[in-house]
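The model shown is predicted, which means the values in this text are computed figures rather than measured ones. Values below: every heavy atom of this structure, side chains too, minus hydrogens, waters and symmetry copies. Quick note on labels: first sequence line is chain A, next is B, and so on, each numbered from 1.
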Amino acid sequence: MPGAENAATVEFLDNIADMLEIKGENTFRVRAYRDAARQIENLTEDIQDILRRGELRSIPGIGEGIAEKLTEFLTTGHSEYYENLKKQVNPGVAELLTVPGIGPKKARLFFDALGIDSVEKLQEAARAHRLSSLPRIGEKTEANILASIERMRGRGGRTPLAPAYRAAEKFLLQLREFPEVEKADLAGSLRRMRETIGDLDLIAASNQPEAVVDRFVHLPSAISILAQGPTKGSIITSGNLQVDLRVVKPEEYGAGLQYFTGSKPHNIRIRTIAEGKGLKVNEYGIFKADGERIAGETEESMYRALGLLWMPPELREDRGEIEAAREGALPRLVEPSHIKGDLHVHTDWSDGANSPEEMIEAARSRGYQYIAISDHSVSMGFIHGLTQERIQEQRALIQTLQKKYPQIKILHGIEVNIRGDGSLDYDDQTLAGFDVVTASVHSGLGMNKQKMTERIIRAIRNPYVNIFGHPTGRIIGKREPYEVDLEAVIRTATETGVALEINSQTDRLDLKDTDARLARDMGAGLCINSDAHAADQLDLMFFGVETARRGWVTPGDVLNALPLNLLLSRLAKPGQVRRVA
DNA sequence: GCCGTTTTCGGCCCGACTGTTTTCAGTCG
């Protein structure tokens, strides 16, 4: 499973790219390092394993030169080339590139002329108006740099998908109300539902683009305008989000939508395919060599003109979707409407905010066929994990509530804690009493890879475990996944019929998209759960489904896409007939 | 630095916007 080593390798390559850029190296050489970094970022396995097999060069974008540097770096933790580069380029100058609006040329200029080698010093110099004495730098540039640094500090990186999505939806509703706007949609990484979002990208169709941009940048939620042109506007919201709007003509809408949805690697592939057919693709359409326009009004027309099927935005990452579209082998992705119930929700019996009855009501109002009340187990004492006695009390309550709510099947679940040695918090007899058992790791996260893998495999070999919860333990932006051989875990889960959870909590989304893809490809079952700790959090399921879609997951892969009768047969206890995926 | 039904050299996506200067370089996506 890709761990810290992959991340360090990505950083290594990006650092080289930054330094080469500042040196003023050939831009294509710079791009080669960046492309290689992106490829490694998307790997589903450990780069060390690939190195061991001698297959670095089988990764697209890694040729002789980069493979050599990576081999040295990965074997010795050191790179002659990189050390040399650091002697030529002050690494602090590369830090300047993190400020939006500062590229290699300005970074170099500031260092050469004023000795600026940190964002801190850049800020000081801008405040003291020392930048505007430089050629081609005026007062506005200086003010923009200051504003940019402040925004950067205030935001601290990318926004999680859920809040970004909610903010963008509000903008969309407003845009669609503009009299000049015919259509408007999400674009960019937001439309592709990446787990974190940089800027919010929106697109609109209109015959009066300037008027639309003008209304947009003057919306009350815009606290400052970053850019305003005849077809494009960019603002900062009170929530410190950057929102970009692009306006195209209605007949160009599909082309614009396709172009601004990306991803970049996907679009580069699309352009290359077009080129091979003597066609040209841009945000206005697809054009023949003589300039005749042959597609652009809809996305479907764009892809069709290239001999491809339309593909859901979640797949557009150049991870095989183009080949699949060409062969008519695109997966039929899971949709929110396929989800028949939620098998992981908490109540105020442990650390949830609402009562079991309130959670059941919320599930019923969302049209679910079933819900599993699954609180924490006994070793989670500090959040009132259930004792033997309270298990029985809760079970009795569930039986009473089941009579009151015959429309929905109420399952008694548990999120049982996996102890350090891989044993579970309850004995088999206790576990047998639950309808559905989710086993999760909550402690001892710093364990080494081998021990953690053995621990988890022991836990999911327990015949009473149905689901392995938030399988990698990561918290987006806060905690790296624990060290574990995920492939070995997936193999075991596949053998034993344990479903791997895609946990929908905004900061988890665990399994993440590429891991879900790996699990699916290896034939494992998945289960998409909200892990709701309050009734309204049942709605987080949407983001879990989106993560699954990015992992090419189909409804047939998902345990809780099964109707109740089939679900119950899949959850059958040892000794009963239990169907494995 | 990578890559190849245009393969060992010569390309590598390309258009919008800003700021500064007055015709365009730099940055971004």
Side-chain angles (χ1 to χ4, degrees), chain A residues 13 16-17 20-39 56-70 81 96-110 131-145 147-148 187-192 197-203 209-210 213 217 225-235 242-248 252 255-256 258-287 318:
Chain A
L13 292 171
I16 292 178
L20 291 175
E21 212 167 17
I22 290 161
K23 268 184 70 181
E25 265 285 1
N26 178 321
T27 55
F28 298 110
R29 176 174 295 172
V30 175
R31 190 191 296 170
Y33 280 94
R34 296 228 188 271
D35 287 347
R38 301 290 79 73
Q39 285 293 334
L56 280 182
R57 293 199 53 184
S58 68
I59 301 170
I62 297 190
E64 201 183 334
I66 293 183
E68 197 179 307
K69 284 160 191 122
L70 282 184
Y81 177 74
L96 302 182
L97 299 181
T98 61
V99 179
I102 306 279
K105 297 286 158 52
K106 287 201 184 100
R108 182 71 188 273
L109 172 69
F110 295 151
L131 300 180
S132 49
S133 61
L134 299 171
R136 295 195 64 88
I137 305 290
E139 279 177 26
K140 275 195 170 174
T141 303
E142 203 167 56
N144 285 343
I145 287 172
S148 209
S189 56
L190 198 54
R191 183 163 178 246
R192 302 199 314 279
I197 305 297
D199 304 330
L200 312 192
D201 291 309
L202 305 174
I203 179 164
E210 286 199 66
V213 173
V217 300
I225 300 172
L226 292 180
Q228 179 180 11
T231 66
K232 198 177 149 178
S234 193
I235 58 163
Q242 181 175 332
V243 189
D244 298 336
L245 171 71
R246 212 24 219 271
V247 190
V248 296
E252 296 164 345
Q258 195 285 323
Y259 183 89
F260 293 110
T261 296
S263 66
K264 201 172 186 179
H266 174 91
N267 281 357
I268 289 174
R269 288 288 312 278
I270 292 297
R271 276 164 196 276
T272 311
I273 290 170
E275 207 174 288
K277 294 178 184 291
L279 300 170
K280 186 178 134 103
V281 181
N282 60 23
E283 57 262 58
Y284 307 113
I286 299 185
F287 301 86
D318 191 21

J.: What is the separation between atom CD on A:Glu275 and atom C1' on B:dC13, rounded to the nearest whole Å?
T.: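 Rounding to the nearest Å, CD of A:Glu275 and C1' of B:dC13 are 9 Å apart.
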J.: Does A:Tyr259 put a side-chain nitrogen or oxygen below 4.0 Å from OP1 or OP2 of B:dA16?
T.: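 No, outside the criterion.
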J.: Of the nucleotides B:dT27, B:dC12, B:dA16, which one has an atom closest to the side chain of A:Tyr284?
T.: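 Looking only at heavy atoms from C-beta outward on A:Tyr284, the closest nucleotide is B:dA16.
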J.: For the C1' atoms, the ones on B:dT6 and on B:dC12, what distance do you get once it is rounded to whole angstrom?
T.: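 B:dT6 and B:dC12 have their C1' atoms separated by 14 Å.
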J.: Specify the residue among A:Pro230 and A:Phe260 whose closest nucleotide of DNA chain B lies further upstream toward the 5′ end.
T.: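 The residue whose closest nucleotide sits nearer the 5' end is A:Pro230.
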J.: By nearest atom, which of the nucleotides B:dT18, B:dG1, B:dG15 is closest to the A:Arg29 side chain?
T.: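 Selected nucleotide: B:dG1.
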J.: For a quick test of reading the model: is some side-chain N or O of A:Lys69 closer than 4.0 Å to OP1 or OP2 of B:dG1?
T.: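 Yes, within the criterion.
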J.: Indicate, with a heavy-atom threshold strictly under 4.0 Å, whether A:Glu139 touches base, sugar-phosphate, or nothing.
T.: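 Sugar-phosphate contact only.
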J.: According to the Watson-Crick and G-U wobble definitions, with both distances under 3.5 Å, which nucleotide is paired to B:dG11?
T.: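 Partner of B:dG11: B:dC2.
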J.: Between B:dT23 and B:dC28, how far apart are the P atoms? Round to whole Å, please.
T.: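 26 Å, rounded to whole Å.
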J.: Looking only at atom P, what distance separates B:dT21 and B:dT27, rounded to whole Å?
T.: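 It works out to 16 Å between them.
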J.: Rounded to whole angstroms, how far apart are CG on A:Asp244 and P on B:dT27?
T.: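 After rounding, the gap between these two atoms is 18 Å.
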J.: Given the C1' atoms of B:dT5 and B:dG1, what is the spacing between them in whole Å?
T.: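 B:dT5 and B:dG1 have their C1' atoms separated by 24 Å.
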J.: From the set B:dT18, B:dG26, B:dA16, return the single nucleotide nearest to any side-chain atom of A:Arg246.
T.: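 Per side-chain heavy atoms of A:Arg246, the pick is B:dA16.
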J.: Figure out the CZ/C1' separation between A:Phe110 and B:dT27, and round it to whole Å.
T.: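 Roughly 12 Å, once rounded to whole Å.
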J.: Side chain of A:Arg136 only, please: which of B:dG15, B:dT27, B:dG19 is the nearest?
T.: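 Minimum distance to the A:Arg136 side chain belongs to B:dG19.
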J.: Classify A:Pro104 by what it touches in the nucleic acid, base, sugar-phosphate, or nothing, heavy-atom distance under 4.0 Å.
T.: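 Touches sugar-phosphate only.
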J.: Return no unless some side-chain N or O of A:Thr272 is found under 4.0 Å from OP1 or OP2 of B:dC12.
T.: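 For A:Thr272, the contact criterion (side-chain N or O under 4.0 Å from OP1 or OP2 of B:dC12) is not met.
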J.: Check the distance between B:dG26's C1' and A:Leu134's CG and give it to me in whole angstrom.
T.: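 The answer, rounded to whole Å, is 15 Å.
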J.: Return the value, rounded to whole Å, for the distance between atom CZ of A:Arg269 and atom C1' of B:dC12.
T.: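 So the two atoms are 15 Å apart, to the nearest Å.
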J.: Between A:Glu275 and A:Lys280, is the closest basic N to carboxylate O distance under 4.0 Å?
T.: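 Salt bridge flag = no for A:Glu275 with A:Lys280.
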J.: Expressed in whole Å, how much space separates the P atoms belonging to B:dT20 and B:dA25?
T.: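 My reading of the P atoms in B:dT20 and B:dA25 gives 16 Å.
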J.: Search all heavy atoms of A:Gly63 against all heavy atoms of A:Arg57 and return the closest pair with its distance.
T.: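 Here A:Gly63 and A:Arg57 meet closest at C-NE, 3.5 Å.
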J.: Between A:Thr141 and A:Ile137 (side chain of the first, backbone of the second, donor and acceptor by atom type, cut-off under 3.5 Å), is there such a pair?
T.: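 Looks like no, no N/O pair under 3.5 Å.
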J.: Side-chain N or O of A:Asn267 versus OP1/OP2 of B:dC13: is the shortest distance under 4.0 Å?
T.: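 No, A:Asn267 has no side-chain N/O under 4.0 Å of OP1/OP2 on B:dC13.
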J.: Report the nucleotide, chosen from B:dT27, B:dG1, B:dA16, that has the shortest atom-to-atom distance to any side-chain atom of A:Ile66.
T.: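 So the nucleotide nearest the side chain must be B:dG1.
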J.: Do A:Arg31 and A:Glu21 sit within salt-bridge range, that is, some charged N less than 4.0 Å from a carboxylate O?
T.: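 Judged by the 4.0 Å cut-off on N to carboxylate O distance, A:Arg31 and A:Glu21 do not form a salt bridge.
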J.: If we take the P atom in both B:dC14 and B:dC9, what is their distance in whole Å?
T.: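 That atom pair is separated by 25 Å.
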J.: What integer distance in Å separates A:Lys140:NZ from B:dC17:P?
T.: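 In whole Å, B:dC17 P and A:Lys140 NZ are 15 Å from each other.
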J.: Closest to the A:Asp199 side chain: B:dG26, B:dA16, B:dG29?
T.: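 For the A:Asp199 side chain, the nearest candidate turns out to be B:dG29.
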J.: Would you mind reporting whether A:Leu70 and A:Ile62 have side-chain heavy atoms less than 4.5 Å apart?
T.: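 Touching, per the 4.5 Å side-chain cut-off.
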J.: Can you tell me the distance, in whole Å, between the CG atom of A:Leu20 and the P atom of B:dG1?
T.: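 Value for this atom pair: 8 Å.
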J.: Can you tell which of B:dA16, B:dT18, B:dC13 lies closest to the side chain of A:Glu283?
T.: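 Nearest nucleotide to the side chain: B:dA16.
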J.: With A:Leu109, which of A:Ile102, A:Leu134, A:Leu131 fulfils side chain to side chain contact (heavy atoms under 4.5 Å, CB included)?
T.: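 Result: among A:Ile102, A:Leu134, A:Leu131, A:Leu134 is the only option passing the side chain to side chain contact (heavy atoms under 4.5 Å, CB included) with A:Leu109.
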J.: Between B:dA16, B:dC2, B:dG26, which one does the side chain of A:Lys106 approach most closely?
T.: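 Nearest to the side-chain atoms of A:Lys106, counting from C-beta on, is B:dG26.
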J.: The side chain of A:Thr141 lies closest to which of these nucleotides: B:dG19, B:dG29, B:dA16?
T.: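 Nearest nucleotide to the side chain: B:dG19.
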J.: Mind checking the NZ-CG spacing from A:Lys106 to A:Leu97? Nearest 0.5 Å is all I need.
T.: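 Reported to 0.5 Å precision, the distance equals 11.5 Å.
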J.: Over how many whole Å does the gap from A:Leu131 atom CG to B:dG19 atom P extend?
T.: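 A:Leu131 atom CG is separated from B:dG19 atom P by 15 Å.
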J.: Please report the distance separating the P of B:dT8 from the corresponding atom of B:dG19, rounded so that it comes out in whole Å.
T.: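 Their P atoms lie roughly 46 Å apart.
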J.: Would you indicate, yes or no, if B:dT6 has its OP1 or OP2 atom less than 4.0 angstrom from a side-chain nitrogen or oxygen of A:Lys277?
T.: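 Looking at the OP1 and OP2 atoms of B:dT6, neither is under 4.0 Å from any side-chain N or O of A:Lys277.
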J.: Does B:dC13 have OP1 or OP2 sitting under 4.0 Å from an N or O in the side chain of A:Arg31?
T.: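 So the side-chain polar atoms of A:Arg31 do come within 4.0 Å of the phosphate oxygens OP1 or OP2 of B:dC13, strictly under.
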J.: Ignoring the backbone of A:Phe28, work out which of B:dC12, B:dC24, B:dC13 is nearest its side chain.
T.: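 Of B:dC12, B:dC24, B:dC13, B:dC12 is nearest to the side chain of A:Phe28.
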J.: Roughly how far apart are A:Arg271 CZ and A:Ile268 CD1, rounded to 0.5 Å?
T.: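 Taking CZ in A:Arg271 and CD1 in A:Ile268, the distance rounds to 8.5 Å.
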